[in-house]
Each structure stands twice: as structure tokens, then as C-alpha cells.
Amino acid sequence: MSAEERADPTIDLSPTEYIADYLQRAFPTRQMETYTDDTGTARSRPMADEAGNPVYNPDAIAAREAMLEHICGLPPIKSALDALIEHFGTDHVAEVTGRSKRLVCTSEGRQKVETRSARSSQVEAAAFMTGTKRVLVFSDAGGTGRSYHASLDAKNQEQRVHFLLEPGWRADRAIQGLGRTHRTHQASTPLFRPVTTDCKGELRFTSTIARRLDSLGALTRGQRQTGGQNLFDPADNLESEYAKDALVTWFHLLDKGKLTSTTLDDFCARTGLELYDSDGCLKEELPPIQRWLNRLLALPIGLQNVIFDEFLSLVETRVAAAREAGTLDVGVETITADTATVVDDTLLRTDPLSGATSHLLTIEIARKKTPISLERILTTAQWAGDAAFVMNGRSGKVALQLHARPWMDEQGQPIPRLELQRPCRREYIGETDLLESAWDVIDRATFETKWAEEVAELAGQTEVETIRLATGLLLPIWSALPSDHLAVNRIVDGQGNSWLGRLVFDQHVVQLYTKLGIAKSEDLPVEAIAHSVLSGRSVDVVRPFEMTIRRSFVNGAQRIEIERAPAQQLAYLKALGCFTEIIAYRTRVFVPVGEASTILEKLLKVA
């Protein structure tokens, strides 16, 4: 730049020149001609004139020039770094990058080229840690060997809100960057916020990061949370087994014409994917999900978003079903609590060779409730646009009603859902179920009054919960632990104490004790046995006579059945409320599901 240009620069730091250069070189303008090869197959090739000079299509050249004219006429797109600095100002933003020069705007609105020395990053980082500058922007160059957490030794101990703006492709660098604001000896843990636009195609890139974070965590001693930090939900990984299964369903729904986003012919023409074999049937080996995701990026953004919404509905339906069934593999989940107290420690097994022990801990955890403030919930309602204020006619409690992403069944039919945001929790309900519930729409003034009352009532309250955790040497007793809940949990309290193991719910205790020979079923509480049977587990008892109580599937419905009941006890069982049916010439005894708890309690309390 000349001295005059440097004194009063006018520069647009945007990718326009790269896009224009790419179009100039890569836009197809060569005229093609059709010919027949030796086998009689029609093929195409670039056309040349009699002198061997290439022939160009004038319509293609005109289209390229029109596109270049349009792109160069668009307003420049600022980079995220420069946009943040311009918006907040250099007095409020600390930049820790590898740039030796940057373009900044003065208070008069004029541009100025600013030279940065090697110590600029150190000065900027110090300004953030002392609280002089409230915003910090750092890149890979500023994410090595530095700490930006709310250190107890720093003047600025406010909670960090870490926006992951450009995660890149390398999961190890993403973890390294996140670790800059989450370290030991800190006043508070940061909030991580991955940032994307409303273009669903960006999920292709965040999904890759989510998958690689999971893979990275799988290498760190099996603790997946160490790799992913629970930053992504299992539904965010678009290359998981749930996503792959959802994609197969999506292809079949597309083949049957059940999707509203696109048709089979239009989708294949736009993406170039071949879904049919030579016989006109859907291929057994359909395109993999990586190829499908890459081809979607070439579609118009509006069509991208609609297709992604349908696909994500299928993914979330599968993830929700796996989570409800307890088979969702999410690695190590951390249960945080203000206080955690071990109230009972039962020895399950002692290894005869090493002496290592397995325990069932009963831990009482307490958490302080942190309700959402009225200002925050009103801001959420304002940004949502389609929010509604509702109140439950029975309980008198209020909630903010939002539209959640619908699920989709195997027939391609959407299942509309609503989200009810309460002061301390979030609930989901189907739109059809809402009509049968006690939730009714109320005015804003009533909502504000009720919400403020609930927040004032909940603030400062402590929620106490008792959980059981199988810990210690678990591999020898793994088969005795419940197979329908495979998550590994870590319990951490405010004093730094932690316990690692698998959760054991009340309905699992009877089965666990009987399998390990710790106690017989008749020695266990009646409530525990009834709870175990109602949850679908078989229990063998000897009081008042030998029998097995289990769940059975009869005539398309779940029932509770008493097996091996003596024939002379049928009248007694029916007197308690049981009923009998003769199926395949065999009398079977069933307990009414609605009264199962009461009847089983009467039956099992008999000495």
C-alpha cells in the first residue's frame, strides 16, 4: 500500500475475490459434443473446431459473467473475528491470535491498519484476566499453553461463556481450545455454546466434530466424557448407529413417496445418487451416510433444511427410544450434587485372588434448585415467536409452551410435540395429549405473577434424592447387573468427592441380590419385590408357597402372572383379587395390573 492508501484505507476483508477467482477458473463454459465409441455407447467430449481450437458456449459464458456481476455486487461478508471487534470495539475485545496486522475502525468510522507485536497477545490475555476487557477471542494460535478460566488467582473470576464458533475438523484441537476455559482451581465452570446458523447443512461439520470427540473419548481410558465433555447430544452425531438406521428408514420412506420434502426422482436428479438396481428395486447397499450428507450440501438451503428436519426427526425418535429403554450408550455421565452422603455400603463380592471388592452404595445427594428467572423466560418467549403462556388447571403451576421438533414414525407420519418449560425442568408432551391435559392458555400478566411466585418459592430449596451405585470391581458381577441400563455414571459433590459405577434402580435390587446369593427373595422387603415385578422382572419366592411372579404377554397385552401356583391355592388367590384363564388346556393365574401392588403386598406378607 502507498502512503496515501495507508493513511485512508478502504478495504473489504471478505472471501469475494476467492469465490470470483474460483468461478472464473472452474465454471464450465466449454461446449460439449456427443459421439459414439467402438462399443456403440453414446459419450460426450469437449468440442473443438477444424483448427483444433476449443469451442465455448456463449450462453454458459453469459451465465458466468452474470453470476460474477451479481456476487461482486453483494455487500462484503466480514469474518467473524473482524465483525466481533468492529461490533464491540477494541477497548472491549481482547484478541489472542497469530495476526501481525489487523484492520480496525476508529471512533470516527475510518479504517486503520494496526501492527501487532509478539507481545500483543500476552497483553490482550492479561487484559481479559484482569477484567479490563470483557470479551476474549482466541484462535488455535492463542489456544496453546494459555489459560483463560475463572482462576481463583485472577481478578476476573466471572463465569466464562465459551462460544465454539469455528470448531474445525480436528477433535484434539477442539478439546484443547475448550480446555483453555475449563481448568482446575477455578471459581466456576464455564458454559460451552456451539454456534451454528439456521442453515442445517452446517450440522454436517458439527456432526463430524461430535463423532471425533466421541472417538477421542473412547481412547481416553474408556471415559467418553473426557473426550466430548458432554458438549454434544447423542442426536448431534449424524454418523452414529442411530443416524445410520434413520437414514435407511428415510430412503425407504422416499421410495414409498411418504416424505413431504422431496420426491425420489427430484432427489436423485439433484444429488446424482443411484438408489435403484438394474431390476428397478431399492438397492440393498444404499449410499453411506457420509456421501448422503455431502450431496445434501449442494442442495438449495431451503430444501436442505426441510430434508434435515425430517432426518433429524427420525434420529431423535431412535435416540429417545434408546434413552427410555436404558440402552443409550453415552459414555460416562456425571451427576453433580452440592452434597453427597453414603448412607449404606453393601458388600456384593470379594475376589478370591486379588481381594478386590464390589459394593452397592446407597448415596443421598442434595442439589439446590436454580429456577429460571422471569426476565430470562420472557426473553426466551420473545425469541421463540410461537410461544404460549399456559397454566395447569389442577396444580396451578405455569409453563412456557414451545413447539419442539416433531418425531417421525416408521410410516413417515410426523408426531407433533410441544415443550413445556417449567422453572426448574423441561417436559415434552404430544399435541394430541395436550388436548386431554389440564394445561390451558393464560394471559401474560397472570403468567408473570405465577412464575414469579414459583421462582420465589423454589429459590433456596434443596432437592434430595437417594440413588444406588454399583462400584468397585464390576467385571465379575457384570452379568448380574441390569442389562437394560448400561450407562456408567460418576457422582461428584461440591467437596470434590466422587464415585464411579453403574446405577442400580430399586426394581433391580431384588434380582441383583438373588443372583449374587446375598439374600433370598423372602428376606427382602415386600415393596422391593412388588416394584421389581411391576418393572418386568421375574422373582422366585417361597412364601406363602413356592411360585414365580413375572410379567407375561397374553393376547397382545402385558400381564402379571403367578406361575407354579398350587391348584389347591387357586381359590385363595382369587379371593385376594387374582383371576384365572384356561389357555392351551392349562389354568394360568394373573394379577390385575391396576391392583398389582396391593394384591402382591397382601400375598407376600403372609407368613
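Numbering starts at 1 and runs along the sequence shown.
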How about [X]: does its [atom1] atom have over 12 heavy atoms from other parts shown lying under 6.0 Å from it?
X    : atom1 : result
R183 : CZ    : yes
I301 : CD1   : no
E166 : CD    : no
Y428 : OH    : yes

Test V96 against every option in S121, S139, S120 by the side-chain contact (heavy atoms from CB on, under 4.5 Å) rule and name the one that passes. S121

In a check of side-chain contact (heavy atoms from CB on, under 4.5 Å) between E419 and each of Q401, H403, R426, which one passes? R426

Between [X] and [Y], which heavy-atom pair has the shortest distance, and what is it?
X    : Y    : result
F128 : V135 : CD1-C, 4.1 Å
G177 : F138 : O-CZ, 3.6 Å
V398 : E454 : N-OE2, 2.9 Å
T357 : L347 : CB-CD1, 3.7 Å

[X] side-chain N/O to [Y] backbone N/O, donor-acceptor pair under 3.5 Å:
X    : Y    : value
Q157 : A150 : no
K78  : L84  : no
R160 : E158 : yes
S147 : H149 : no
D338 : G494 : no
S498 : V492 : no
R180 : R146 : yes
T471 : L500 : yes
Q304 : L299 : yes

Go through it in stages, so that I can follow the logic: the residues are L378 and W451, the test is side-chain contact (heavy atoms from CB on, under 4.5 Å), and I'd like the CA-CA distance, side-chain angles, deciding distance and then a yes or no. CA-CA 10 Å; L378 292 178; W451 187 277; over 6 Å; no

CD1-CD1 distance between I19 and I77, expressed to the nearest 0.5 angstrom: 6.0 Å

Using 4.0 Å as the upper bound for N to carboxylate O, is an ion pair formed by E114 and R102? yes

Do the rings of F311 and F308 sit parallel, tilted or perpendicular, given the 30° and 60° boundaries? perpendicular

Take R318 and E241 through the salt bridge (Lys or Arg N to Asp or Glu O under 4.0 Å) test and state the conclusion after the steps. CA-CA 10 Å; R318 284 155 175 76; E241 294 302 321; over 6 Å; no

For T181, the option from Q159, Q186, H162 that meets side-chain hydrogen bond (donor to acceptor under 3.5 Å, both in side chains): H162

